[in-house]
Structures are given as structure tokens and as C-alpha cells.
Amino acid sequence: MIEWGLYNYWVVIFLMMTGLYVVIARGNLIKKIIGLNIFQVSVIMFYVSMGKVRGGTAPIEAAGFEVYSNPLPHVLMLTAIVVGVATSALALALVVRIKETYGTIEEDEIRRIEADEDAS
Amino acid sequence: MEGLWALISDDLPALQIAVPLLAATLCVLIRRPTAAWAVAMVVAWSSFANAGVLLHRVLTTGTISYVEGGWPVPWGIELRIDLLNALVLLVVTGICAIVLLAAPRSIDAEIPRDKQYLFYAVYLLCMTGLAGMTVTGDAFNIFVFLEISSLSSYALVSQGRTPRALTAAIQYLVMGTIGGTFILLGIGMLYMVTGTLNIVDLANQLALVGPNRTVMVAAACIAMGVGIKLAVFPLHIWLPNAYTYAPAIVTAFIAATSTKVAYYVLVRFAFSIFRINQTFDGAHSSAIAMMLGIAAMFAGSLVAIYQDDVKRMLAYSSVAQIGYMILGLSFANEYGLTGGLVHLFNHAIMKCGLFLVLACVLLRMGSTRLSAFAGLGRRMPLTFAAFVLGGLSLVGVPLTVGFVSKWYLVLGALEAGLWPVAVLILLSSILALVYIWRVVEVGYFKAPPEGADAITEAPFSMLLPTWILIGSTLVFGVWTSLSVGVASAAARMLIGGGS
Amino acid sequence: MTAATAVGLAVAWPLIAVALIVVFQRWPNLREAGTLLTGGSLFAIVAGVILPEVEAGGRPGMVLCEVVPGLRLAFEVEPLGMIFGLVASGLWIVTSFYSIGYMRGHHEKNQTRFYICFAIAISGALGVAFAANVFTLFVFYELITLSTFPLVTHSGTEEARNAGRMYLGILMGTSIAFLLLAMVWTWLATGTTDFTPGGILAGKVDGPQLMILLALYAFGTGKAALMPFHRWLPAAMVAPTPVSALLHAVAVVKAGVFTILKVVVYVFGIDLLATTGAGRWLTWVAAFTIIAASCVALGKDNLKARLAYSTISQLSYIVLGAALATSAGVIGGGMHIVMHAFGKITLFFCAGAIMVGAHKTEVSELDGLGRRMPFTFGAFLLGSLSVIGLPPMGGSWSKWFLMLSAAEAHQWVMMVVLMVSSLLSIGYLMPVVVRGFFRPAPADAHDDRHSATGIHEAPLLCVLPPVVTAVGGIVLFFYAGDIWSLLSGVVP
């Protein structure tokens, strides 16, 4: 039975699988990186929804509020986002260099060029 | 001097991370290769000394707990150094320091001089990440440092001379990021179940919760993620390309450190947190690990035999050697785990030594293909002798470190009652003999091509670190109280369930 | 100098030769003098300092270091090791003289490397001889394998490389796959690998496991050339003849059978093997090897190959002696180490002398050579008699004890095997002598008188050593009692 109350986790899993699928199935390096980003974002969502307490408010002490969401996972995700950005930046830099050297960013074409090099 | 020591004496664990991190930015500001190298040298060697002091302290006074910023555990972040990570830290910083000795001559041939300061900066960042993963007592911190070291190693790998380095780096990046994200996911699930990230606290809370499905899935995610980082067969496909096409010095550095730290993380999670030998559904995970380990041993060695490029051959050999370490862990007994940890130590030394030999060969011959080794026994006698000794160590000849590892692994297998596995471990050593001896034969018996340029022995600055490491394989093959002593004490601690 | 320090010194002594050889590599005469001096002084140490102590019942030894807890590098000399050490160090001197004549007569290249590796191999042999536990033995066993590899591949030809591959593959493969496993097993079962009189396994390992462990030791010791792990030995014959003579007839192969003998006596204990019958199967393997190798030897025309198969056959005598697990068997085996060493080294020296003097390698080419090379063929005759086991040669005594042991153990089949093997060895050794002395030289040689008269004795340094060892074989016939009394200290 599907618990609709936990739909956010279904979203996480859907995104995660989408991301992984894109990484595996796409030969275009940019698309691969996009897939990687989707995959990372799914985990960020996972953390964010984990920290949310139903009915809770932002964890700033104020009169009239009893329930607060857990801020820690959200804070952790700041770091994870930074990591994701850094990864994407590095990956894009590499893709630029690959494009300059090989003239393409399609994996199968790169592989073909490399195979030709090996043969010669 | 006294005053300075008193000032930093308590903060040594934190300096292990802070100093290389700050020095990395310093390198970027300096912009001069030699000065940047000098900074890196000072930092790496002082970190090595620092690791020695920390190990000594752990041995004499027990586990060190350092609370960052004064926030009490389990809320604040703790740096926690026990026997296990003190040993790993010593290996990692030691390798960093020794490899740096060879760096200037080697990268002159591979990286333009005006970019070299960046190389040292990234090198130090990578070291920061590795040291951080090792010393931290916080699960999320492991992820953060893992990414620091991974991102910098992607950058380092991409510096290779051929365009292949770029594709190897992006392959490594994609696989590595998937691995890192899986680890993050697993840690998240553990946090959901326990509400804590501190490793000691996690272990205690998990013991109360017991193995429920979320914990299982978390364990699977972490095993999967670390498995990619560790290049456990069949998650190893990034490794041969990355090792082959990275600059020679980077290969020596990464091969000896990043998989070793990943193995440490695996052991930490498996024994300190999940305690697979006590509570968890240990039998199943052990069986899986064992099969993967055996498959790695044979697949890695067999593929290595057919490689034409010696660097690639040693890369596949690393896949096989990681199999040994996984196997040692899978026995989940004291001998086996000692074997795995001793092999971490030993394999780091010998593989780093061997890859430095390849750096020497690359510098002089311009290639590491098998054909470049023709007649090398006469043309570069010292370099090639180092290769032979390192190779014998890989095979496990007695009085080399390889023998000590094999001894404990076989003991572990026999103690677990796994006769066939013990036989398989030894049979796979014979495969190592085959691939090493292919190179040795070419080096000693094949004449160099007609009209080949006269070449000289590798420069002293590269021979020195090579021989320090190769010499260590002999020293630690006979004098084992450091490697085996600490590893077996750590294994006892882990099997006993402490942390 | 106490005997204990002498033991450590003896193992390290050949390394002094290495140093001298390296220093004097540019002056061949000085270099060879270095080898000879070290050889002589080594024998003086072994025979003059260690032997009296062991004869008096002492067990001099020393501990070098402890590699992992319970696993020590240590030496302890007992009679079996004493005998092996004496043989290896004593024959090294003779072989050094022979090497000088042979290597120069043959104009071999890389002589410095040759002498260095040779000296290291001798160090390894002494290490094996004096090892106090299986681990130390294993270390030096591997040292021998590695140091003899460059000797086997000395010529650097394709054939030599293939031989080297097989050599290393079999010797190292079996030792890593089986011997190491056996050692770990022994350690796990008993907590030690020390050689202890009476054995250490009694009560710790039993039943079929005992048989498996024995198999791991027996086949793990590839140097003992038990079939089916014997192929390396004929392959190794591509090495220069001094190597075949000392290493592949004495030091290396004897290190193998010595290991088996020592393991049977000091790890299993002959009582354990005798009562459980765990060694029974090994007698059959040894018997098969004895007969099969002799038959192969009959069919070999190449003289060195024939001698190599003869060695395989003779080595299994010693394994048989160990597997019979009687005191006479152990004494016979130990004695055969000495007797066969003298006999076989003589034969190889002669084969090398024929190669240097007449450039002949095949048995069928030897017709009439005896008259041109009387000393060489005379020595070959004596060596053959010793290997066959006829008086007045030392070889007759070791066979006598082995027969006695087979009778004691009521193994009548084994007695038959020993007798048949003696007949077969007459069959493959005597034709060489007969051809040399009694066949006329081939007709074409008469046509071209130059080539026929061109054949004469090899240089003195090649001829003298076989004569010396052949005479040594006769002397041993009369001094077998001393060896017996030394060896009787091994078994109660």
C-alpha cells in the first residue's frame, strides 16, 4: 500500500532514478552532467524533507511556536549544494577541454577517435 | 619553540586538516613553482611528523578526542583518532611527503611550468581531504572531506599529457560523484534513524535501534558508494583509466592514498558503526564481500597479465590487491582484518614505490609501454632493481611486506575455516608473479632497439623517494611491530566492537 | 668464536664473496681468488667450528629477529643440516675451481654476475641447512630460487628464457601455493613452526588432514622434483655446467629433499607417520618417480638431460627414505644426500669437461673419446658406480640403509623398486663409459685427423675437480661410519 503522506520520498526516488538513468543512458557529456545534478538534487530533497517536522516552523525561537523543523539537515545541504556546484564546475571545465581536444562531446564519437588512435 | 609547541600541542588533530588547506591557498597566491613546492614540502613533511606524534600519543595514552570549536559531542564536530585511523593517517601523510620529493622533476615533463603552482595547490587540497576523512569522527564530515579529496583528484588526473587524461578524469568524476552521493544518501538514512552524525554516538544509537530496513538500506548505500571510491570489483572501471592517464606522480600519490582511505572508511562503517561481526546480518554481507574480493583478485590479476602498458598493468594489479583487502575484511575475524589493514599499509608502500619507478621510466623513456622496458635492467639498473624488488613484494616473497600481508590473510581464511579461499589467495599470488615477471624478462633479456638513444639513470631526486619506499618494503617485511603491531591492535579493537 | 655465532656467520659468509667479487670485477684473477678464499674459509668455519659442537651433541643456533609474533628468523644446527651444510660448503670450493676452468674455457659472458649469484645461492643453501624453523627454511628456499634464476637464464637465449620461466614458475608457484599454505596451517595448528625433535604435529592434526598436510609439504617443495613437479630440473640444464653440477645436482635439489626429510623428522615426527600410515602414499609417489625418471633417462641422448632425469630419480630415494618413516630410512636418506652429491657432481663435472674439451653434448657422439680423455671418463666411471650403488663407492651405503629401511617397514615392493632402479641406472650410465672406452672413434674422424687429434682433455681446472670428487666418493665408502654416527643423533 502506498502511503501518500510520504509522497516526498517517492519524488526523491523518482528523481534519483531519473538522474541515474540519464547518467547511464546518455552519451552526451553535458546531459550526463545534468543527470548527475538531478541525482544529487534528489538526495538534497531527501535531506530537506527529512528535516521538516509537520506543523513545525523555521527554527527561530519566537513566542507562540512550539514545534520547530530540524535545521541540521538543511544546513548540511548547504554544504552538499556547494559540493554539487563545485562538481558541476569541474565537470564543465573538463567538457570544455574535451570539446577543444576532440571536437565533440559525444561519448561514442570520443571513443571512436580513441580507438582510431590506438589502431594507428 | 617551547612556547609554540605548547600552543599547538593540543591542536595537532585539527592542524592535520587546517595546515594543508591554508597552504593550498598560499600556493595559489605564490604563483611560483619552486616556492609552491617548498611550501608543499614543508606542510607535507610536518603533517607526516604530526601523524607520527599522534600515533605515538594514541599508543601511549589511548584514543584522542578533539572537539572542534569547543562544541560538546555529539552536537559539535569531533576529530577522533584511535589506533585504526592513526595508522592510516601515518600512511597517507607519509606517502604525500615522500611522493612530493619526486614531484618537481617528474611534473616538469608533464605540466607547463607556469601551471605548476596550481598542481601543488590541488595536491595539498587532496591531502586535506584525505587527512580530513581519516581524522574526523563525524559521518557527514567524511562525505565533505571525501568530496574535497575527490574533486581535487579529478583535477589532478586531468593534468596528464594525453587527451585521454581528460576522458579518464570525467569518467572518474561521474563514477566518483555517484559514489559520493550514495554515501551521502546512506548517511542521511542513518541520521533519520538515529538523529546523530557522530560516529561513536551513531554506533551506540544503532545498537539500540537494531537492524531495521532503513539501516540495511543505509548500509547498502554506503557500501555501494565506498565501493565505487575503493574500486571494488566490479565498480572499478574508473580506476585503470585514471591511473594510466594521470601524470606519473599523481598515479603514485592516488594509488597509495585514496583507495586506502576509502578502505579505511569501509572498515570504519562496517566495524565501528554497523558492527557487522556482532549484530548485523553479517554472514550475508561477508559472503558478498568475499565473493567480490575473490573475483577482484582473479579478474584484476588476469587482466593485468595481458596489458601492454605497465602502468595499466599495475592499475589492474591494484584492483586485485584491493580484492585482498576486501577479502581480509570479509573474514570478520581478527587475523583477517589484521591482514586487510596490514595490506593497506603494505600495499600503499609497495604500489607507490612501483608507480614512482614508472615515473622514472616515463621521464627517461617517454613511455611506460612494455617495449620501453627493453634492456632497462642495464640502462637504468637502480630504477629497474627497484621495480624487481617491489614486484617481488607484490608477489609476496618472504622478507618483503607482501609476505606479511599474505601470511595474515591466509591465517584469517584458515581460521574462518575457509580452505578453498586460502588456496585461492595463494594461487592469485602466482598470477602476480606472472605479470611482474613479464616485465622483468623484458627488462633483463630484451635488447633495446637498434640505435636507441643512450639514456641515463633517473635523477637522484626521483630515485631517492623510490628507494625510500622500496627499502621500506624490505624493512617492514622484517620489522613488523609498527605495521602488524598497530594493525592487529586495531583489528582487536574493531572486532571487540569498540571504537 | 663460539659455534652459535659461527652459524650466523656461515650463512652470511658467502655474501663476503659477493662483496669481493663486486670490488674486483675488473680483475678476473683477483675476483676468482676472492671466491676461492671465501669458499675455503667458509668450509673451515662449518667443518672446524660448527661440526665439533654438533658431533658433541650440541645444537648451536641463534635468533635473528621475530618477524611476526611466533615467526622467527632463527638458525639451529642439527645433524641433518650439518651434513647438508658440509656438503654444500665443501663442494662449493671444488666447484669454484671447476667454474674458473669452465667459464674461461667456454668464454662465457657476464662472469661477474655468475659468481655473485652463485655465492648468494650458496648462502641460501646454508640458510636452508641451518634453519631452525619452517619459516626460516622457506625464506632461504625462496632466496635460492631467486638467486639461481639468473644462472639458469645465463646465456640469455630464447631457450634459456623459456627454461627460466618454467624454473621460476614451478619452483615459486609450488612453494607459494602449497608450502606457504602448509606453513600457515602448521602455525595455526601448533602455534609454532620450530623444528622440534619428535615432531610438533602429534595430537594437533590427525586423520586425512595429516595426509593432506604432508602432500602440501611434499609437493610444495618443488625443488625435490617429485613427479609431476619435476619438469623444471631438465629445463634448468640450459645453465652453464658448474651450475648444473653444484646447484642442480647438489645445493638446490638437495635443499628440496632436505626440506622434506627435515619436515618429516622434525615437524611430523617419524613415529606419528609410522603409526598413522599417513606417509604411505608418498612412498608410492616416490617409487613411481624413481622408476619413471629412470626410464626417461634411458631414452635421453643428451648427456646433461640424461643426468638430470637420473637426479630426479635419485632424489626420490631420499623422499622414499623419509616417507618410510623408519630410523634407517632417515639415516639412509640423510646419507644419500652426501653420497649422491659426490656421485652426481662428478658426473656433471665430466659432462662439462667433455663439452669444453670435445664440444660434444650427446651420448651418441662419445664413441672413442675415453682414450683421448682418460681422466674424465675414468672419473665418470667412478661417479656412475656411486650413483648405481656399487662398492667401493659411498653410494652403496646409502642404498644399503634404504633397503634396510624398506625391509624394516615390510615394504617389499619398495625393495624391488630400489633394485630395479639400480639396474636401470646401470642401463643409462654405463653406455657412456662403454662408448667412451670400447667403441672406436667414428669413421669420419679418421678421415680428418686434425679434428680427431684436436680432442684432448679439457683444461686442468676442468679435469681435476671430477677426479677429486670421484676419489671423494671412494673415501666416503670407508668413512660412512662417521656419517652414520652423526646421523644417528637425529633419530632415537
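It should be emphasised that the depicted structure is a prediction, and the values quoted were computed from it without experimental measurement. Chain letters run A, B, ... following the sequence lines, proteins first, then strands; residues in each count from 1.
Within the 4.5 angstrom heavy-atom criterion, only side-chain atoms of T79(A), from C-beta onward, approach chain B. With a 4.5 angstrom heavy-atom cutoff, I148(B) does not touch chain A via any of its atoms. Neither the backbone nor the side chain of I113(A) comes within less than 4.5 Å of any heavy atom of chain B. Contact annotation for I110(A): only side-chain heavy atoms (C-beta onward) come within less than 4.5 Å of a heavy atom of chain B. There is no contact between L146(B) and chain A, counting heavy-atom distances below 4.5 Å. Contact of V174(B) with chain A is made through backbone and side chain together, with heavy-atom distances under 4.5 Å.
Under the 3.5 Å distance criterion, the side-chain polar atoms of R97(A) are left unmatched by any main-chain donor or acceptor of P163(B). At least one donor-acceptor pair closer than 3.5 Å links the side chain of Y47(A) to the backbone N or O of L184(B).
Heavy-atom neighbours of Y9(A) OH from other residues, nucleotides or ligands within 6.0 Å: above the threshold of 12. By the neighbour-count criterion of 12 heavy atoms within 6.0 Å, atom NZ of K52(A) is densely surrounded, having more than that number from other residues, nucleotides or ligands.
Looking at Q40(A) and T177(B), their side chains never bring a donor and an acceptor atom within 3.5 Å of each other.
Proximity of T181(B) to M16(A): side-chain heavy atoms (C-beta onward) are nowhere separated by under 4.5 Å. Counting heavy atoms from C-beta on, the side chains of T167(B) and Y102(A) come closer than 4.5 Å. Between M50(A) and M189(B) there is no side-chain heavy-atom pair separated by less than 4.5 Å. Counting heavy atoms from C-beta outward, L173(B) and L36(A) have side chains that approach closer than 4.5 Å.
Residue L29(A) holds its CG atom at 11.0 Å from CD of Q171(B), rounded to the nearest 0.5 Å.
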Problem - Y191(B)/F46(A) under ring pair (Phe, Tyr, Trp, His ring centres under 6.0 Å): CA gap, chis, key distance, verdict - result: CA-CA 12 Å; Y191(B) 180 73; F46(A) 171 74; over 10 Å; no

